[in-house]
Amino acid sequence: GNVRKVEFEIGFEEVDGIVGVGGGRILDFGKVLATEINVPFISIPSTASHDGIASPIASFKERGKPISISTDPPAAVLADITIIRNSPIRLIRSGYGDLISNVTAVKDWRLGKDVKDEEYNEVAASMALMPANLLLVEAERLDLKTPSHLELLVKGLILSGVTISLVGNSRPVSGAEHKFSHALDYLGYGKGTHGEQVGLGTIIMEYFHEKAYGVGDWELIKRSLEKIQAPTTAKEIGLTKEQVIEALEYTKKIRKKRYTILEDLNPTKNDFEIAIEKTGIV
Ligand SMILES: [Zn+2]
């Protein structure tokens with residue numbers, strides 16, 4: 001509705017482009033507006049809380065439920081590390097959660113390729129994975145206030161957005177861990193940010209990948225989140241054990257065509273209980 005209003009207001013002006021300066025909501029607003037009136041969009045993020053700073057997807061809430069809209073990708077992203085460094089640390093930690101979610105998202109994508117013969121793009125997969133892996137290697141020394149680490153995080157989130165444009169959908173950066181976050185949004189449970197929710201989801205899904213296929217290291221992911229003081233337990237984002245279980249069960253109903261470790265293993269309620277206890281989520 002607000003996009004329509006602004007669109008009408010500027011309808012008679014000569015507009016060469018839209019510049020968005022701010023957080024996720026501002027940038028999403030700018031993306032949709034620029035796409036509607038068919039001009040380039042320049043994204044200037046004031047923080048780095050998720051990969052939306054460079055992606056061709058805008059997320060909104062309609063009647064309390066999350067929806068996403070496809071847009072044109074930003075023509076440019078200008079990210080000033082000094083500005084981002086001074087933004088609330090919780091948002092930057094959330095950005096880290098969204099970046100490492102690529103680890104399980106790409107594993108899910110490879111499953112889709114192997115089991116469902118899904119189209120797979122190795123370049124996009126590597127682009128999504130590399131920055132996450134470079135930060136995970138530093139797990140024991142990780143500090144998002146360190147300029148080199150923060151720069152890698154911001155570049156990683158921008159690259160994540162680029163992979164979505166490259167592939168034409170969010171496959172490289174969104175797997176079962178994102179379905180879990182969407183389930184929490186749909187059910188209205190907890191008070192976690194997007195990145196905090198997918199961070200927890202990444203620990204759980206990495207556990208399932210590791211258990212089933214022997215590939216992955218959920219403990220490393222958890223340690224890195226602990227190191228930057230991001231949430232690694234349900235309680236920290238206001239979730240009870242029952243809510244986590246319900247959300248995980250709900251996760252199996254979301255976007256079934258996107259093949260992930262959950263479609264692959266079809267875990268039972270009991271499997272979920274074991275997973276969240278073993279990983280210390282509850
Ligand atoms: Zn995300």
Side-chain angles (χ1 to χ4, degrees), residues 24 49-51 59 61 64-66 88-105 107-108 132 135-136 139 142 144 153 173-212 216-255 258 260-282:
S49 55
H50 52 71
D51 56 29
S59 306
K61 277 206 166 156
K65 299 292 172 198
I89 187 69
R90 184 182 175 197
L91 296 179
I92 303 174
R93 289 170 182 155
S94 300
Y96 179 77
D98 204 24
L99 183 68
I100 53 153
S101 77
N102 297 358
V103 170
T104 43
K107 282 196 181 79
D108 283 342
L135 284 171
L136 278 172
L142 204 55
L144 296 180
L153 170 65
V173 298
S174 173
E177 75 299 320
H178 269 72
K179 289 189 184 185
F180 172 64
S181 173
H182 296 323
L184 291 173
D185 293 339
Y186 277 113
L187 295 166
Y189 288 165
K191 51 181 173 53
T193 62
H194 173 75
E196 289 169 346
Q197 292 177 174
V198 296
L200 283 198
T202 304
I203 298 173
I204 299 169
M205 302 314 160
E206 182 83 341
Y207 167 85
F208 280 121
H209 273 285
E210 199 179 340
K211 194 162 168 283
D217 188 346
W218 68 265
E219 283 168 303
L220 177 64
I221 288 180
K222 186 180 176 180
R223 272 208 309 282
S224 75
L225 285 165
E226 281 170 347
K227 187 72 184 52
I228 61 157
Q229 292 169 280
T232 57
T233 63
K235 203 176 157 198
E236 285 169 281
I237 56 169
L239 292 168
T240 64
K241 180 184 172 183
E242 290 68 33
Q243 287 174 328
V244 175
I245 296 286
E246 192 188 336
L248 283 167
E249 299 238 87
Y250 193 89
T251 300
K252 292 203 285 185
K253 289 185 229 159
I254 294 178
R255 211 173 178 178
R258 177 159 292 186
T260 71
I261 190 71
L262 296 183
E263 283 69 28
D264 199 56
L265 301 178
N266 195 20
T268 62
K269 190 177 175 188
N270 190 42
D271 295 332
F272 284 137
E273 274 182 11
I274 293 170
I276 60 173
E277 274 165 23
K278 279 240 164 92
T279 52
I281 301 283
V282 297

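This chain uses plain numbering: 1 for the first residue, then up along the sequence. Remember, it's a predicted structure, so these values are computed and weren't measured experimentally.
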Is any side-chain heavy atom of Leu184 closer than 4.5 Å to a side-chain heavy atom of Gln243? no
Under the side-chain contact (heavy atoms from CB on, under 4.5 Å) criterion, do Tyr96 and Ile92 qualify, and how do the steps go? CA-CA 7 Å; Tyr96 179 77; Ile92 303 174; over 6 Å; no
To the nearest 0.5 Å, tell me how far Trp218 CH2 sits from Thr279 OG1. 6.0 Å
Beyond-backbone contact of Val244 with Phe180, side-chain heavy atoms, under 4.5 angstrom: yes
Answer whether the closest heavy-atom distance between the side chains of Glu277 and Val282 falls below 4.5 Å. yes
Can you see which heavy atom on Ala176 is nearest to which on Ile261, and at what distance? CB-CG2, 4.1 Å
Got a salt bridge between Glu206 and Lys107, using NZ or NE/NH1/NH2 to carboxylate O under 4.0 Å? yes
What verdict does the side-chain contact (heavy atoms from CB on, under 4.5 Å) test give for Phe272 and Leu262, after you've listed the backbone C-alpha separation in whole Å, the side-chain angles of each residue and the deciding distance to 0.1 Å? CA-CA 10 Å; Phe272 284 137; Leu262 296 183; 3.9 Å; yes
Short side-chain to backbone donor-acceptor contact, Arg93 and Ile228, under 3.5 Å: yes
Asp108 vs His209, test: side-chain hydrogen bond (donor to acceptor under 3.5 Å, both in side chains). Steps then yes/no. CA-CA 9 Å; Asp108 283 342; His209 273 285; 2.7 Å; yes
When rounded to the nearest 0.5 angstrom, what distance separates CD in Gln197 from NE2 in His178? 10.0 Å
To the nearest 0.5 angstrom, please state how far the CD1 atom of Ile237 sits from the CG atom of Leu200. 4.5 Å
Measuring from atom CD of Glu273 to atom OG1 of Thr268, what distance do you get when rounded to the nearest 0.5 angstrom? 8.5 Å
dist Ile245:CD1 -> Asn270:CG (nearest 0.5 Å) comes out at 9.0 Å
If we only count heavy atoms from C-beta on, is the Lys179 to Arg258 side-chain gap below 4.5 Å? yes
Heavy-atom closest pair, residues Glu196 and Ser94: CG-OG, 3.8 Å
Does the side chain of Tyr250 come within less than 4.5 Å of Lys253's, by heavy atoms? yes
Tell me whether the count of non-hydrogen atoms from other residues, nucleotides or ligands lying under 6.0 Å of NZ in Lys211 goes above 12. no
Restricting to non-hydrogen atoms, name the atom on Phe208 and the atom on Asp271 that form the minimum distance, rounded to 0.1 Å. CZ-O, 4.0 Å
Is there a donor-acceptor contact under 3.5 Å from the side chain of Glu263 to the main chain of Thr260? yes
Show the nearest heavy-atom pair for residues Leu265 and Ala212, with the distance to one decimal. CD2-CB, 3.6 Å
Compare all side-chain heavy atoms of Ser181 with those of His194 and state whether any distance is below 4.5 angstrom. yes
Can you tell me how far CG of Leu225 sits from CG of Leu136, rounded to the nearest 0.5 angstrom? 8.5 Å
For Ile100 and Ile221 the tightest heavy-atom approach is CD1-CG2, 3.5 Å
In terms of heavy-atom contacts, Ala132 and Val103 come closest through CB-CG2, 4.1 Å
Quick one: does Glu177's side chain have a donor or acceptor within less than 3.5 Å of a partner on Gly175's backbone? yes
Is there a side-chain contact between Pro267 and Lys252, using heavy atoms and a 4.5 Å cut-off? yes
Report the C-alpha separation of Thr193 and Arg90 in whole Å, then their side-chain angles, then the decisive distance to 0.1 Å, and conclude whether the side-chain contact (heavy atoms from CB on, under 4.5 Å) test is met. CA-CA 9 Å; Thr193 62; Arg90 184 182 175 197; 3.7 Å; yes
